[in-house]
2 protein chains.
Amino acid sequence: MREHDGGATMAPGRVGDVRRRNLALVLGSIGPESLATRADIAASTGLTKASVSSLVSELLETGLVAEVGLTRAGERGRPGVGLALDAQRGALGAEVNVDYLAVGVVDLHGALRFHEVAEAVNRGREPEAVVAELSRLVGRCVSAAADAGVTLLGGGLAVPGLVDPSRGVVLSAPNLGWRDADLSAALAELVPEAPFGVVLSNEADSAALAELWYGHGAALGSYLYVSGEVGVGGGLVMGSELFAGPGGHAGEVGHVVVEPTGSQCSCGGRGCLETVAGQEAILAAAGITNGGSTTAARMAALQAALEAGDAQAISAVERAGHYLGIAVVSAARLIDLSAVVLGGHFAALATWIRPALLASLRSFAPGAVASDAVAFSELGTTAALRGAAGAAVRRALAAPYALLG
Amino acid sequence: MREHDGGATMAPGRVGDVRRRNLALVLGSIGPESLATRADIAASTGLTKASVSSLVSELLETGLVAEVGLTRAGERGRPGVGLALDAQRGALGAEVNVDYLAVGVVDLHGALRFHEVAEAVNRGREPEAVVAELSRLVGRCVSAAADAGVTLLGGGLAVPGLVDPSRGVVLSAPNLGWRDADLSAALAELVPEAPFGVVLSNEADSAALAELWYGHGAALGSYLYVSGEVGVGGGLVMGSELFAGPGGHAGEVGHVVVEPTGSQCSCGGRGCLETVAGQEAILAAAGITNGGSTTAARMAALQAALEAGDAQAISAVERAGHYLGIAVVSAARLIDLSAVVLGGHFAALATWIRPALLASLRSFAPGAVASDAVAFSELGTTAALRGAAGAAVRRALAAPYALLG
DNA sequence: AGAATTAGTATGTGTTCTGAACTATATGGG
DNA sequence: CCCATATAGTTCAGAACACATACTAATTCT
């Protein structure tokens, strides 16, 4: 995520680096379906037509780019050849979460081509068993893609925990009960022929990026994504890039202190956001204590109570919105953010939580976060898989030279 | 500070960029007095001896680097020629604060060669008048440097407010009463012959960087710097770089919400850290309400009361430490930081505030911030000027090619 | 049909890194 | 004292690449 370096340990620049950079630059200026011509690219990048010509011919070799007929009919002069990213190339996205598995394929145009979401009870289940079930889902998706002629370049797997992407290890996923789970072998087998491999990521981070690329984030640019799953997680997107922090934990808004006199949190601290806005906390405050059924069922019951106008349910959700506002204000001040996107159960509760959240923001930091900078995710259970797949797509687009001899 | 870009608006890479990068790379591996030889540099950077030779000869031309005798006497083989940054080159640093002006010169070895701090009452004073007084101080410092044979490459001016460095404008400095003050002309005249010019910066950001380069920060790498001046400001250093945020406000820890039921803040919000840990808040809680004297005098009175064991004073400072801990925890969680450096009045109160802060950290986030990751600044009133000068030095070292034909 | 206009390609030049050969300067052993 | 050995630094040919210029290609306007 970051390329900071003392300076002395930086890699030396070689002449060939220039070409790598320019390949990515040209590729970046070929939008999904912009139908840019070589001449357009030369104008927009500042490269000469000669250089663009040579760069484009290499990009065509990689298969990432395709020539798509002529452009500009009716005007004077020779028409240019339209160039576009090849929609028949894509990446796999997958998510393991506490109560479902999800897989899908996103193509270079950003379209979700195939996907499947399967309910599952993964809490406390062995990584091997979960991965085996995931592999079956992935297999179906991969063959569907192959049948449609879509070639997969790479992939991403999002999990609700802290990961080490370089080693392919889930360091800890409390809600799954995983610790130091080495998935590197399994990742390598998911899409064996993909040149860029399958990379692990954090679920909240991936969902935050999905929002950037395929949701509300594009308009916002920099924002805090808050994911209300079993815990309250989050991801930080700044300047259209994910900010993971020095140790990869950044965006963990669930353990911001919002109530100094509040109750003990599972993290060992006190008054954390999660203790007042986590699923369990909201359900308890709403009086929905039917412990036997699943969390999903109880959330549905909450929804029903809200729609019926149940006062206790409404005040429970409003309380969560109030405290969410405090956490968002702290984030806005510390990191200079001015927008939020809410996902997971917060998105489902949008109607009831939004007014309370806005009131809280106005009260604690008038002007810091405008009301039109509070968005609710519409990506549902496909958010993390789209983000993971999207990240794989970006990796490929950033390193087209890896596909050349 | 950031070089993010959509991709399409990036500048094209040219062959010459490689040399620029490698010039900076080689320069970066010539430590202050490391006495590296060309061969050492080749080994540490990965460049060939031939390239290093050519790059070094250009760096010698810029004057940033000097050959300093031979190295490695007593061993076999031809001894190498030692290379070091020329300590006779430096940069000007200056600070305008509410109650003082400070200027100084930092050389390429990081030493503070000359400096002067003058008390002043700048609150509400016109920018022109303040700058005129500052210019006199700078003039003395510049001639002292010239007399000692030190050449100035650039400079930095830190102010307690939000700045636009590219235009040389102080957008707003509430504690000075400045708004949209255009200092660009004045900045250009401060050190007319300096090739890199004089650049505006925020006081807290500069102090945070001074801590990184010349204080506790080097050992920490990533940390939150909290500056207790008239207000409570801060700067965020991550991966040995300042993080300014999308709009340049990042690190503003003074307006993190630490007491949801707390009192109104001047920012329009409620329960901000500044309302319980700002100078005025601490003095009021300590019962030091002698409004006639200066803030500095009242802070001295507070110090005396603390040393005398005054219970009200002690509990006022402990309260500030408690709330400071809450803000630090929120920052630690959101941005994944694990260290803090405290400056300004917090540094002066270190003895009394430290235990309360540590207790608060333990209570709200055990393990997030270790007790040896809480440091107190020792740079005093030279912090911001050293940071501003240091930033100017880095700018020069990052762009040595600007000094060539 | 020919002029004008725009797209894209071919060719020569300058910059810069690399690798290998070479020169320079020290130590240590016979 | 001289030569082998080791290390530092320079010189020179070769390859990669972007650039500038000149060229060919394809279309519309008159």
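Numbers restart at 1 for each chain; the letters A, B, ... are given by sequence-line order, proteins then strands.
Not counting sequence neighbours, the partners of B/Arg14 by the side-chain contact (heavy atoms from CB on, under 4.5 Å) test are B/Pro12, B/Asp17. With sequence neighbours left out, B/Glu189 forms a salt bridge (charged side-chain N to carboxylate O under 4.0 Å, His left out) with no residue at all. Every residue two or more places apart in sequence or in another chain that forms a side-chain contact (heavy atoms from CB on, under 4.5 Å) with A/Tyr401 is listed here: A/Arg20, A/Leu23, A/Ala399. Partners of B/Ala50 according to the side-chain contact (heavy atoms from CB on, under 4.5 Å) rule, which considers only residues two or more places apart in sequence or in another chain, are B/Thr48.
The main-chain N or O of A/Gly387 is never found under 3.5 Å from a side-chain atom of A/Glu211 such that the two would form a donor-acceptor pair.
Between the CG atom of B/Leu60 and the C1' atom of D/dG9 there is a distance of 13 Å, rounded to whole Å. As a whole-Å value, the separation of B/Arg76 CZ from D/dC3 P is 16 Å. Distance B/Leu35 CG to D/dA8 P: 14 Å, rounded to the nearest Å.
The side-chain heavy atoms of A/Ser240 and A/Leu212, taken from C-beta on, include a pair separated by under 4.5 Å. In this structure, the side chains of B/Pro400 and B/Leu59 come closer than 4.5 Å at one or more pairs of heavy atoms.
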Protein-nucleotides 12-17 of chain C N/O pairs closer than 3.5 Å?
residue: C/dC17; atom: OP1; partner: B/Asn22; partner atom: ND2; Å: 3.2
residue: C/dC17; atom: OP2; partner: B/Arg19; partner atom: NH1; Å: 2.4

Check nucleotides 22-25 of chain D for protein N or O atoms closer than 3.5 Å to its own N or O atoms and list the pairs.
residue: D/dA25; atom: O4'; partner: A/Arg78; partner atom: NH1; Å: 3.4
residue: D/dA25; atom: N3; partner: A/Arg78; partner atom: NH1; Å: 3.4

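The residue among A/Gly82 and A/Pro12 whose nearest nucleotide of DNA chain C lies closer to the 5′ end is A/Gly82.
Among C/dA7, C/dA10, D/dT27, the nucleotide with an atom closest to any side-chain atom of A/Ala50 is C/dA10.
Within 4.0 Å (heavy atoms only), B/Val81 reaches sugar-phosphate atoms of the nucleic acid but no base atom.
By the 6.0 Å and 45° rule, A/Arg386 stacks over the aromatic ring of A/Tyr214.
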